[in-house]
Amino acid sequence: MASQEEVFKKLVAHCKEYGFVFPSSEIYDGLAAVYDYGQNGVELKNNIKRYWWDSMILLHENIVGIDAAIFMHPTTWKASGHVDAFNDPLIDNRDSKKRYRADVLIEEQIAKYDDKIEKEVAKARKRFGETFDEEKYRATSNHVIEHQKKRDALHARYAEAMNAMDLAELKQIIVDEEIVCPISGTKNWTDVRQFNLMFSTDMGSTADGAMKIYLRPETAQGIFVNYLNVQKTGRMKIPFGIAQIGKAFRNEIVARQFIFRMREFEQMEMQFFVKPGTEMEWFEHWKAFRLKWHKALGLGDHKYRYHDHEKLAHYANAATDIEFEMPFGFKEVEGIHSRTNFDLSQHAKFSGKKIEYFDPETNQSYTPYVIETSIGVDRMFLSIMSAAYCEEQLEGGDTRVVLRLPEVLAPVKACVMPLVKKDGLPEKARAIMNELKFDFKCAYDEKDSIGKRYRRQDAIGTPFCITVDHDTLTDNCVTVRYRDTMKQERIAIEALHKLIGDAVNMKNLFKKIVQ
Ligand code: ATP
């Protein structure tokens, strides 16, 4: 069996070969951690965005959307804390000249202890068979206890250092744990330094006095600065939410793992404004809602888990991540944060404007608290692609690569194929496609054998292939071939619309979420 790393490499190659994701400006050898979406990628991405947007805007009468500009007044980022505190601790290895995030190196070390523990447990499970009492083993095995002690001590020390942003202590942890550079294998580290992740540029001509502005590192602030506009013009009553999808930019220190960590990426964020004191209730509500949204896609419930934050950001009083099992382990796809009234209060302070909510029931004004749900479109894209990518052995020794994408998200819903390029079959196929194309993204393919055409569609995840043959001309039926089962069925042309429509209707997912 191929290792996870090999599978991931194949997935990246597949994304390029089939028009999902290309390296940016590839003819100039690309630009690190920047990617372009191709003809199929953009369809999948748009479908993901629509699934998210409609789940917010259609399913909630108290959530509205906005589309704020990427450039914002520079004071925004003073107020939000990003100018002073949006830093990662970086460290260089002098031999390999590679740069790392100190926190990531330490977290990987913690994960190594976890791995050791799991390996011990797995070994014991094998040894003891059915009589194995895992809980007891974990509590009594000397090996496990020893690893667990070391792990917990390291974890406590790390959390304290991160909370205090004690750079010298982070370095000391790396030294004490004897962490080596994965490239050079040496411990020849520089000191840990802070690195601000915001990109900046100049607005206006120099003669006028150019202003240094930032490319937004998150979309959330565009929502906060519009809180009053939306609340007043929309006559919104608390609790209510504002949703937004848009680009964000971060000068990531280590940009690896394909579209998992990019320097230009897209976020889907929703800020939900609530009465102070009710935020924990709403935090739990959104935690549960967002997980249901993920699971409704049917990629496998076991592939998700929550990860509560050890180190809370400067603005948060509770935070959790929804992690997905990528080929390189469980990784954050979405963050759910209770942001208190930090952002609105800061903007009130820096702008001198009163940013509050007048509660008509109590005749009192207050600064609302905020629950944020923040998900990266690109990470969502990657999680779906990794769950969908499948290499299958077929009977007769053949293999196929199939993308088992959720039908609602598939870039192409149906491919119409005349069996041969003559006898009026192409015309009939075109006529069928012309009816379907108003509602579904369809493809037309008349080249090569039917088998080859099926494989091409499997590779981009098309759920339905529709073959027009000579009998179609007289019986008005076609052969529908299903992507996942490869089963074929003879179906009346007039039944096609319903067949596809039922399978790709987002309503089916929404019902799973809200029931
Ligand atoms: P990480 O710890 O992985 O750097 P984060 O905790 O800084 O992520 P948030 O600031 O909570 O991320 O951003 C919300 C979401 O935006 C993340 O869950 C992720 O899906 C996405 N995201 C953040 N940074 C990137 C990036 N560099 N590339 C792609 N997506 C990103």
Side-chain angles (χ1 to χ4, degrees), residues 21 24 31-37 41 45 48-49 52 77 80-82 85-90 100-108 110-111 158 162 195-199 215-224 243-271 283 286-287 290-291 293-294 304-316 318-324 326 328-339 342-343 370-386:
V21 183
S24 155
L31 185 64
V34 186
Y35 290 90
D36 298 338
Y37 285 83
K45 199 173 178 221
I48 294 171
K49 289 195 266 186
W52 184 88
W77 306 110
S80 69
H82 283 82
F86 194 54
N87 300 314
D88 275 343
L90 71 82
Y100 298 91
R101 266 171 64 178
D103 54 332
V104 172
L105 286 178
I106 300 171
E107 276 173 18
E108 283 171 359
I110 295 174
Y158 163 64
M162 282 300 281
F195 178 75
N196 193 290
L197 300 182
M198 281 198 294
F199 284 101
L215 272 69
R216 65 181 179 196
E218 63 176 25
T219 56
Q221 298 305 325
I223 293 180
F224 294 127
Q244 177 170 221
I245 299 178
K247 287 275 177 124
F249 305 83
R250 294 184 189 177
N251 198 1
E252 298 280 1
I253 299 171
V254 189
R256 268 194 256 125
Q257 288 156 337
F258 193 36
I259 54 172
F260 181 79
R261 191 172 298 287
M262 300 158 92
R263 296 203 164 104
E264 172 179 343
F265 59 101
E266 206 161 358
Q267 289 185 314
M268 308 189 279
E269 296 198 302
M270 194 278 298
Q271 311 293 328
F283 177 70
W286 282 108
K287 237 176 107 167
R290 293 301 308 145
L291 190 61
W293 181 90
H294 285 277
Y304 302 90
R305 71 178 189 200
Y306 289 121
H307 172 246
D308 295 328
H309 279 213
E310 314 291 346
K311 172 187 179 273
L312 296 177
H314 57 279
Y315 50 75
T320 207
D321 296 336
I322 293 179
E323 295 185 339
F324 185 83
M326 304 273 189
F328 40 89
F330 273 94
K331 295 286 170 194
E332 169 182 348
V333 171
E334 169 156 12
I336 297 146
H337 310 124
S338 173
R339 293 180 77 124
F342 175 82
D343 303 271
V370 172
I371 305 300
E372 162 182 86
T373 72
S374 173
I375 168 170
V377 181
D378 314 273
R379 281 195 194 174
M380 188 64 200
F381 185 106
L382 182 58
S383 65
I384 291 168
M385 286 297 271
S386 19

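Atoms within each ligand, like the ligands themselves, are counted from 1 in listed order.
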*Any idea which part of Asp321 is under 4.0 Å from ligand 1, heavy-atom wise: side chain, backbone, both or neither?*
neither
*asked:* I'd like to know if the side chain of Glu372 pairs up with that of Gln271 as donor and acceptor (distance under 3.5 Å, no hydrogens or angles considered).
replied: yes
*Answer side chain, backbone, both or neither: which part of Gln267 comes under 4.0 Å from ligand 1, heavy atoms only.*
side chain
*To the nearest 0.5 Å, what is the distance between CD (Glu107) and CE (Met162)?*
7.0 Å
*What are the atoms of ligand 1, with element, lying closer than 4.0 Å to any heavy atom of Ser374?*
13 (O), 14 (C), 15 (C), 18 (O)
*Is it true that Glu218 lies under 4.0 Å from ligand 1, counting heavy atoms only?*
no
_Atom of Trp77, atom of Glu218 and distance for their closest heavy-atom approach_ = CH2-O, 3.8 Å
*Just heavy atoms, cut-off under 4.0 Å: does Arg379 contact ligand 1 by side chain, backbone, both, or neither?*
side chain
*For residues Gln267 and Ser374, report the shortest heavy-atom separation together with the two atoms involved.*
NE2-OG, 3.8 Å
*Does the N or O separation between Ile259 and ligand 1 drop below 3.5 Å for any pair?*
no
*Run down the list Met380, Arg101, Met262 and name the one with the heavy atom closest to atom 28 (N) of ligand 1.*
Met262
*When only distance counts, is Glu332 in polar contact with ligand 1, meaning an N/O pair under 3.5 Å?*
yes
_At less than 4.0 angstrom from any non-hydrogen atom of Glu334, what atoms of ligand 1 do you find?_
18 (O)
*When rounded to the nearest 0.5 angstrom, what is the spacing between CZ in Phe258 and CZ in Arg379?*
14.0 Å
*Which atoms from ligand 1 have a heavy atom of Phe260 less than 4.0 Å away?*
28 (N), 29 (C), 30 (N)
*Between atom CZ of Phe86 and atom CZ of Phe195, what is the distance when rounded to the nearest 0.5 Å?*
11.0 Å
*When rounded to the nearest 0.5 angstrom, what distance separates OG1 in Thr219 from CD in Glu269?*
3.0 Å
_Side chain or backbone, does Val333 bring an N or O within less than 3.5 Å of an N or O on ligand 1?_
yes
_Contact (N/O only, under 3.5 Å) between Asp378 and ligand 1_ = no
*Which atoms of ligand 1 are found less than 4.0 Å from any heavy atom of Glu252?*
24 (N), 26 (C), 27 (N)
_Ile375 and side chain to side chain contact (heavy atoms under 4.5 Å, CB included): which single residue from Val333, Ile322, Ile245, Ile48 fits?_
Val333
*Which atoms form the tightest heavy-atom contact between Phe265 and Arg250, and what is the distance?*
CZ-NE, 3.6 Å
*Heavy atom of Arg263 under 4.0 Å from ligand 1?*
no
